[in-house]
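Read through the structure below, which is laid out as structure tokens, and then see the notes.
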2 protein chains.
Amino acid sequence: METRSTSGGQRRGGRGARERILQAAATLFYEEGIHATGVARLVETAGVSTRTFYQHFPTKTALVEEYLRGYEAGLARRIEQKLTREGLTPRDQLLALFTMVAEASSGPAGGPSNRGCPLHNAAVEAAGQMPDIRALVQGNKEGIIRQLTDIAAQAGAADPERLGRQLAVLLEGATAMSTSLDSSRPRQDALDAARLLIELSLPKPQPTP
Amino acid sequence: METRSTSGGQRRGGRGARERILQAAATLFYEEGIHATGVARLVETAGVSTRTFYQHFPTKTALVEEYLRGYEAGLARRIEQKLTREGLTPRDQLLALFTMVAEASSGPAGGPSNRGCPLHNAAVEAAGQMPDIRALVQGNKEGIIRQLTDIAAQAGAADPERLGRQLAVLLEGATAMSTSLDSSRPRQDALDAARLLIELSLPKPQPTP
DNA sequence: CAAGAAGTATAGCGATCACTTTACTTTGGC
DNA sequence: GCCAAAGTAAAGTGATCGCTATACTTCTTG
């Protein structure tokens, strides 16, 4: 048994209040919004006392940040898995990112609704305030653009930066329009459009050189 | 009894408290968010007493709806003006919609910030609740898609519905990514991408038939 | 001028917000 | 079996929420 007497990290004992809080946050913040979700509702859903909540998170904002970092990490992991599956060509890697958001809810876990990207939503809700959250979202989106640009370069795009930024706009539009329309269709439309843009910006794949 | 013996419309007298409230709402809801803007802040900014506020709007939500309808109307008017200017071809009309959001803040008045589309933002903030607002946003976006589809059809697109929906996703992505990145660049990227998609989906314009 | 609509100022309503405090119980390794 | 960490329950903090109530002051106009 791992009585983590060794490495630092979680204390022994406890029955995972922290994880339950983060799980509740992921669900409620995403489904009902951050401002609309009060601490009372969070602790009720997590099955945790208010005291325990504040022993794990100094403020609600701290929980929001950890919720976003958790989503970011999970997303990065899912992308990594998708891309490193048996040798996809760079071109197919680009498309794989679009099929990812097209065929699944873009949210955490298996959320069924069209609630868009948690990071973008947080940026909208943060508005002028909460500079840390704005910075976190901004950094993430810049990372997405960089990733797309890198793959576009590997695919041999004439202007990989341009293609990367264009695809990023399509990706953001897919989830945002899904929210506005409350429909999953825009995510499919984005995939279609991405196919065209990629086709247009990449050199023709030689069938047999 | 109501003495308005003459024509309906604005009442005589009064010094425009209602307009000031709507103006304050447009600024504050857009710049700082709907949930984050309290009634106290609104009446302070509008230079209006709380009493007067509630004589014009039964609830804050009612003001939100009128704010959104007002934005919607202004947007429709701006689009109308852009499109009916001296004979633009349908193809150029499509592009004109993208230059509109590319070269200006997409918000109301001359707002300088990258705060995205007020309607989409409201949908994000409304989350699960506020079904009236969700419906309003949804209706507007469907209208945008219809408008794009109509113009695409006039331009002779092979599949105008498809092009219309793809361009709508690009448009939504432009403003949404502007929010997430806090930059105006995505709106330019969307214009670039739209050019390509339009070029690809429309028959070649015959220089001299 | 009188009337009345439109406005102001301000106090207060109950509810909810994020957060704290006090007092007690469970749990698990030594 | 002891003890400290991790947990629970529940009352209470002040602040702010959306909204109402009371009382008074302009303005415009028939």
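A, B, ... follow the sequence lines: proteins, then strands. Residue 1 opens every chain.
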Discussion item. Nearest whole Å is fine: how far is C/dA18 P from A/Leu28 CG?
Written reply: 12 Å
Worksheet item: In whole angstroms, how far is the P atom of C/dC17 from the CD atom of A/Glu32?
Response: 12 Å
Discussion item. Please determine whether a side-chain nitrogen or oxygen atom of B/Arg20 lies at a distance below 4.0 Å from atom OP1 or OP2 of C/dT8.
Written reply: yes
Item to complete: Identify, residue by residue, the members of residues 49-59 of chain A with a heavy atom below 4.0 Å from DNA chain C, and return them in order of residue number, or none.
Response: A/Thr50, A/Arg51, A/Tyr54, A/Thr59
Worksheet item: Just checking, any donor-acceptor pair under 3.5 angstrom between side chains of B/Ser178 and B/Thr175?
Response: no
Worksheet item: Between the side chains of B/Glu72 and B/Asn140, does any donor sit under 3.5 Å from an acceptor?
Response: yes
Worksheet item: Between atom CD1 in B/Ile34 and atom C1' in D/dC17, what is the gap in whole Å?
Response: 16 Å
Worksheet, complete the sentence: Rounded to whole Å, the CZ-C1' distance (A/Arg41 to C/dA15) equals 17 Å
Practice prompt. Quick one: closest heavy-atom pair of A/Ala36 and B/Gln129, and the distance?
Written response: CB-NE2, 3.7 Å
Item to complete: Could you tell me the separation between the NE2 atom of B/His35 and the C1' atom of C/dC17, rounded to a whole number of Å?
Response: 13 Å
Practice prompt. Find out whether A/Leu63 and A/Leu22 are in side-chain contact, i.e. whether some heavy atom of one side chain is under 4.5 Å from a heavy atom of the other.
Written response: yes
Fill in: Interatomic distance, B/Ile21 CD1 vs C/dT8 C1' [rounded to whole Å]
13 Å
Worksheet item: How many Å lie between NZ on B/Lys60 and C1' on C/dT16, as a whole number?
Response: 14 Å
Discussion item. Over all strands shown, is A/Thr61 touching base, sugar-phosphate only, or nothing at heavy-atom distances under 4.0 angstrom?
Written reply: nothing
Worksheet item: Over how many whole Å does the gap from B/Glu44 atom CD to D/dC17 atom C1' extend?
Response: 16 Å
